[in-house]
Amino acid sequence: EYMGTFAMKMFRAILVLVLPLTCLACECNLSVKYGSKNGNCKQLLTKAETESAPAVRFSSAKTDHKYRLIVHDPDASSKGYLHLLTNDISGQQLLGGINVAGNNVVDYMGPSPPAGKPHKYKFMLFDVTAAGKLNVGVPQRSDFDLSAFIHDGLNNAPQVAGLYYQVQV
C-alpha cells in the first residue's frame, strides 16, 4: 500500500511539472484576461499589456471546491520567479471570473524579462479542497522552488488547469 501511495504522489508531482508546458494544458477551460487582451496559450504579450493583475476564469470549477493559483516564470534565475500566489479562491468566484489583485499570499507582480529573450509565464491552478491544512507561509519570489512548494506548501494538491504565455521586452 505504501508503494501505491508513493507511486501516486510521484505521478502527481510529475504531472504537475509537465502539464503546464503542453498544449493539452492550454485546453483546460482556464482563461486569463488583461483588460481586453486575452493571455492565450503560447501567445506573445508585451510587458505593458501584463503590468496589472489579470482576471482569471475557470469554467470547469466546482462551486463547493477551493483553489489556489500560482503564476511562475521558469526562465528567471535557476529555479524561477514567483509572480503570484493566491489565497483560497472559491469555485463560484472562478466560474464568474475574478481579478486576482489584492488579498493574496504573494501579490501579483507583472512580468519584467530582460530585453531580447521572451520568458514564459505559467498560470497553474490547484484544487486544494482535499489538501488539508496548507503550510503556505510567504515564499520568496526569486529562486522559487515550484516542485518543493507544491509538495510541501500545497500538500501535493492536484493541478486542474494551466496555461502559459510569453512576454518579451
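The first residue of the sequence shown is numbered 1, and numbering continues consecutively from there. Predicted model only: the values in this text are computed from it and were never measured.
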Practice item. Say whether, by atom type as modelled, one donor and one acceptor occur between the side chain of Tyr67 and the main chain of Lys62 under 3.5 angstrom. Key: yes
Review point. Are the side chain of Asp75 and the backbone N or O of Lys120 linked by a donor-acceptor pair below 3.5 Å?
Key: yes
Review point. What heavy-atom pair brings Val106 and Leu84 nearest, and what distance separates the two atoms?
Key: O-CD1, 3.4 Å
Check your understanding: Which value, rounded to the nearest 0.5 Å, describes the distance between Leu146 atom CG and Met124 atom CE?
Key -> 4.5 Å
Check your understanding: In Å, rounded to the nearest 0.5 Å, how long is the span from CD of Gln92 to CG of Asp64?
Key -> 10.5 Å
Check your understanding: Distance from Lys66 atom NZ to Asn87 atom CG, nearest 0.5 Å?
Key -> 10.5 Å
Practice item. Might you work through the side chain to side chain contact (heavy atoms under 4.5 Å, CB included) test for Val56 and Thr86, ending with a clear yes or no? Key: CA-CA 12 Å; Val56 177; Thr86 65; over 6 Å; no
Revision key, fill the gap. Nearest heavy-atom approach of Phe58 to Leu95 is O-CD2, 3.7 Å
Exercise for review: Given side chain to side chain contact (heavy atoms under 4.5 Å, CB included), test Gln159 with Ile150 step by step and report yes or no.
Suggested key: CA-CA 9 Å; Gln159 181 178 345; Ile150 292 167; 5.8 Å; no
Check your understanding: Quick one: side chain to side chain donor-acceptor pair (under 3.5 Å) partners of Ser52, sequence neighbours excluded?
Key -> none
Study note, to complete from the structure: Residues at least two apart in sequence or cross-chain that pass side chain to side chain donor-acceptor pair (under 3.5 Å) with Asp88, listed by chain then number, are Arg68
Practice item. Would you please name every residue forming a side chain to side chain donor-acceptor pair (under 3.5 Å) with Ser59, sequence neighbours left out? Key: none
Exercise for review: Could you tell me the separation between the CG atom of Asn29 and the CG atom of Leu125, rounded to the nearest 0.5 Å?
Suggested key: 11.5 Å
Practice item. Would you please classify the geometry between the Phe149 ring and the Phe144 ring as parallel, tilted or perpendicular, with 30° and 60° separating the classes? Key: tilted
Point to revise | Side chain to side chain, Leu154 and Ile70, heavy atoms closer than 4.5 Å | key: yes
**Study point:** Contact summary for Leu30 and Ala161, nearest pair of heavy atoms
**Key:** CB-CB, 3.9 Å
Review point. Salt bridge (charged side-chain N to carboxylate O under 4.0 Å, His left out) with Asp145: which residues, sequence neighbours excluded?
Key: Lys79
**Study point:** Over all atoms of both residues, closest heavy-atom pair of Asn99 and Ala53
**Key:** ND2-O, 3.6 Å
Point to revise | Minimal non-hydrogen separation, Pro139 against Leu82, with atom names | key: CG-CD2, 3.7 Å
Point to revise | Members sharing Tyr81's hydrophobic cluster (side chains within less than 4.5 Å) | key: Met109
**Study point:** Parallel, tilted or perpendicular: ring planes of Tyr108 versus Tyr34, cut at 30 and 60 degrees
**Key:** tilted
**Study point:** Residue pair His65, Val160: steps toward the side chain to side chain contact (heavy atoms under 4.5 Å, CB included) verdict
**Key:** CA-CA 12 Å; His65 283 224; Val160 294; over 6 Å; no
Point to revise | Any donor-acceptor N/O pair, Gln168 side chain to Thr46 backbone, under 3.5 Å | key: no
Practice item. Step by step, work out the side chain to side chain contact (heavy atoms under 4.5 Å, CB included) result for Asn155 and Phe126. Key: CA-CA 11 Å; Asn155 297 336; Phe126 297 87; over 6 Å; no
Check your understanding: Would you call Tyr164 and Pro74 a side-chain contact if the rule is heavy atoms closer than 4.5 Å?
Key -> no
Point to revise | Note, Thr63 side chain near Ser90 side chain (heavy atom, < 4.5 Å) | key: no
Check your understanding: What residue pairs, at least two apart or across chains, pass salt bridge (charged side-chain N to carboxylate O under 4.0 Å, His left out) with a residue in residues 43-58?
Key -> Lys37-Glu49
Revision key, fill the gap. Heavy atoms of Pro114 and His119 approach each other most closely as CD-NE2, 3.4 Å
